[in-house]
Amino acid sequence: MAVGLNESGRSPAVDRWITFRPHAVRPRIHREGTARVFTEATRYARVVVDDDGSVRTILPADHPGIGDPAYRSERDAVARAAAHHRWGDPAPDIRYSESSEKCWRTMYSALTERHQRKVHPELLRSADRLNLPADRIPQMREVSEVLRPLTGFEFSPAAGIVPLNEFYSPLADGVFQATQFVRHHSQPLFSPEPDMAHEIIGHGTMLASDEFAEMYRIFGLTAKRLTMNQSALRVLSRVFWYTMEYGVISHSGEILACGASLLSSYGELDEFQNAIMRPADVDAMVEQEYGTHDYQPVLFFTESLDELMSFVTNFCADVSLLGS
């Protein structure tokens, strides 16, 4: 991919990428009145921290938990714990309801059954290393205690989805910021927003792999170099989307999942092999429209895990020049 440099010292592709203006995968924190608001996406819940320090989660009108006071109280408690968490401290333990615990058991069983048929062998091995409990929701602190000696990564709680650079840069230091809430129990196989299944079963499984953990670090190191270049960060975010979130690899004549969003989506694990499959290419990824509420119509594959590593490494080396 890094094919030759122009007079500025960048590859021709890099000059095309910096004109790209997508919507961010990890939207911004903004202010609503005098309160700080963590906006997870256009339809997702908002976490509001008022001036007096109180924390509220505002669910959208069509959220499955909107009419459940107990669930909304649990969401407030989870958001409050994250909002008051101090960087570097262990993640706070959460007291989950029995409804949420049952929801975890249902989705964990359904997802891991599909993993055996649809997921790349490297991630099946890393799932064995992570060894998540099937019968209860794991505490984020517990998962970090397993990950840290394996690959050096740990989870840090986030009240909501954070700005691009604040999300990606800590990956260089082995910190993945994640939510701690669980989807509503009425729909255990669907979530309108990234929840513990996405963070722990999806990203956690990938972070337990030496190879994938190294790719996360490379993305983080690259983001640190691009702090002052938001356009380049958005390009990095799009490539992350099609590799670490929706990556697929050809293996033994079959396309298998290797991205966190696929690993944590019951429905899309059944459907992703019907998507249009294109060879991994940064220009094509940048130009490809995508949605956050539907199955991806186009996915980008590599022929092997080694090829995916080379693709990520070469892209990050190329786009890092924009931070020079």
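Keep in mind that this is a model prediction, so the values were computed, not measured.
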For [Y], is there any backbone N or O sitting under 3.5 Å from a side-chain donor or acceptor partner on [X]?
X      : Y      : answer
Trp104 : Pro138 : no
Thr313 : Met309 : yes
Gln180 : Pro92  : yes
Glu142 : Gln139 : yes
Thr106 : Pro188 : no
Gln273 : Ile255 : yes
Ser191 : Pro194 : no
Arg129 : Ser209 : no
Thr222 : Ile218 : yes

Checklist line | Check against side chain to side chain contact (heavy atoms under 4.5 Å, CB included), Leu147 and Phe176 | finding: CA-CA 11 Å; Leu147 280 176; Phe176 188 100; over 6 Å; no

Answer yes or no: is there an ion pair linking [X] with [Y], defined by an N-O contact shorter than 4.0 Å?
X      : Y      : result
Asp128 : Arg125 : no
Arg75  : Asp195 : no
Asp50  : Arg56  : yes

Give a yes-or-no answer on whether the side chains of [X] and [Y] include a donor-acceptor pair shorter than 3.5 Å.
X      : Y      : value
Gln177 : Ser156 : no
Tyr168 : Ser237 : yes
Asn314 : Ser310 : no
Glu193 : His198 : no
Ser261 : Glu268 : no
Arg238 : Tyr242 : no
His203 : Glu245 : yes

Nearest 0.5 Å, please: how far is [atom2] in [Y] from [atom1] in [X]?
X      : Y      : atom1 : atom2 : answer
Phe219 : Leu171 : CZ    : CG    : 9.5 Å
Leu308 : Glu122 : CG    : CD    : 11.0 Å
His251 : Leu305 : NE2   : CG    : 10.5 Å
Glu154 : Ser144 : CD    : OG    : 5.5 Å
Leu132 : Ile137 : CG    : CD1   : 12.0 Å
Leu111 : Ser265 : CG    : OG    : 8.0 Å

Next item on the list: Give the minimum heavy-atom separation between Pro297 and Gln288, together with the two atoms involved.
Entry: CG-NE2, 4.4 Å

Next item on the list: List the atom of Pro64, the atom of Ser186, and the distance in Å for their closest heavy-atom pair.
Entry: CB-OG, 3.8 Å

Given the rule that I, L, V, M, F, W and Y join up when any side-chain heavy atoms are under 4.5 Å apart, are [X] and [Y] in one cluster?
X      : Y      : value
Phe272 : Leu123 : yes
Leu322 : Met285 : yes
Phe240 : Leu221 : no
Met196 : Val162 : yes
Ile276 : Leu262 : yes

Check: For the side-chain contact (heavy atoms from CB on, under 4.5 Å) test, which of Val119, Thr302, Asp306 pairs with Ile249?
Finding: Thr302

Margin query: Evaluate Glu113 against Lys118 for salt bridge (Lys or Arg N to Asp or Glu O under 4.0 Å), listing each step before the verdict.
Written below: CA-CA 9 Å; Glu113 184 276 328; Lys118 301 285 190 174; over 6 Å; no

Check: What's the verdict on side chain to side chain contact (heavy atoms under 4.5 Å, CB included) for Tyr266 and Met107, showing C-alpha distance, side-chain angles and the deciding distance?
Finding: CA-CA 8 Å; Tyr266 173 87; Met107 66 184 177; over 6 Å; no

Indicate yes or no: at least one non-hydrogen side-chain atom of [X] is less than 4.5 angstrom from one of [Y].
X      : Y      : result
Phe155 : Arg141 : no
Asn274 : Tyr295 : no
Phe311 : Val239 : yes
Thr179 : Pro157 : no
Thr57  : Arg46  : no
Phe181 : Glu199 : no
Leu299 : Arg278 : no
Val248 : Gln296 : no

Notebook entry, point to check: How far apart are the C-alpha atoms of Thr151 and Glu214, what are their side-chain angles, what is the distance that settles it, and do they pass the side chain to side chain contact (heavy atoms under 4.5 Å, CB included) test?
Noted result: CA-CA 8 Å; Thr151 63; Glu214 179 62 19; over 6 Å; no

Note to self: Can you tell me how the ring of Trp241 sits relative to the ring of Tyr246, calling it parallel under 30°, perpendicular over 60° and tilted otherwise?
What the structure shows: tilted

Next item on the list: I would like to know whether Met215 and Met244 meet side chain to side chain contact (heavy atoms under 4.5 Å, CB included); could you show each step before the answer?
Entry: CA-CA 8 Å; Met215 285 185 257; Met244 300 298 98; 3.7 Å; yes

Next item on the list: Tell me, with the steps shown, if Arg105 and Asp135 meet salt bridge (Lys or Arg N to Asp or Glu O under 4.0 Å).
Entry: CA-CA 6 Å; Arg105 292 191 289 269; Asp135 60 342; over 6 Å; no

Notebook entry, point to check: Are more than 12 heavy atoms from other residues, nucleotides or ligands located less than 6.0 Å from atom CZ of Arg95?
Noted result: no

Next item on the list: Using the ring of Phe153 (Phe, Tyr or Trp, six-membered ring only), decide whether Arg217 places NZ or CZ under 6.0 Å from its centre and within 45 degrees of its axis.
Entry: yes

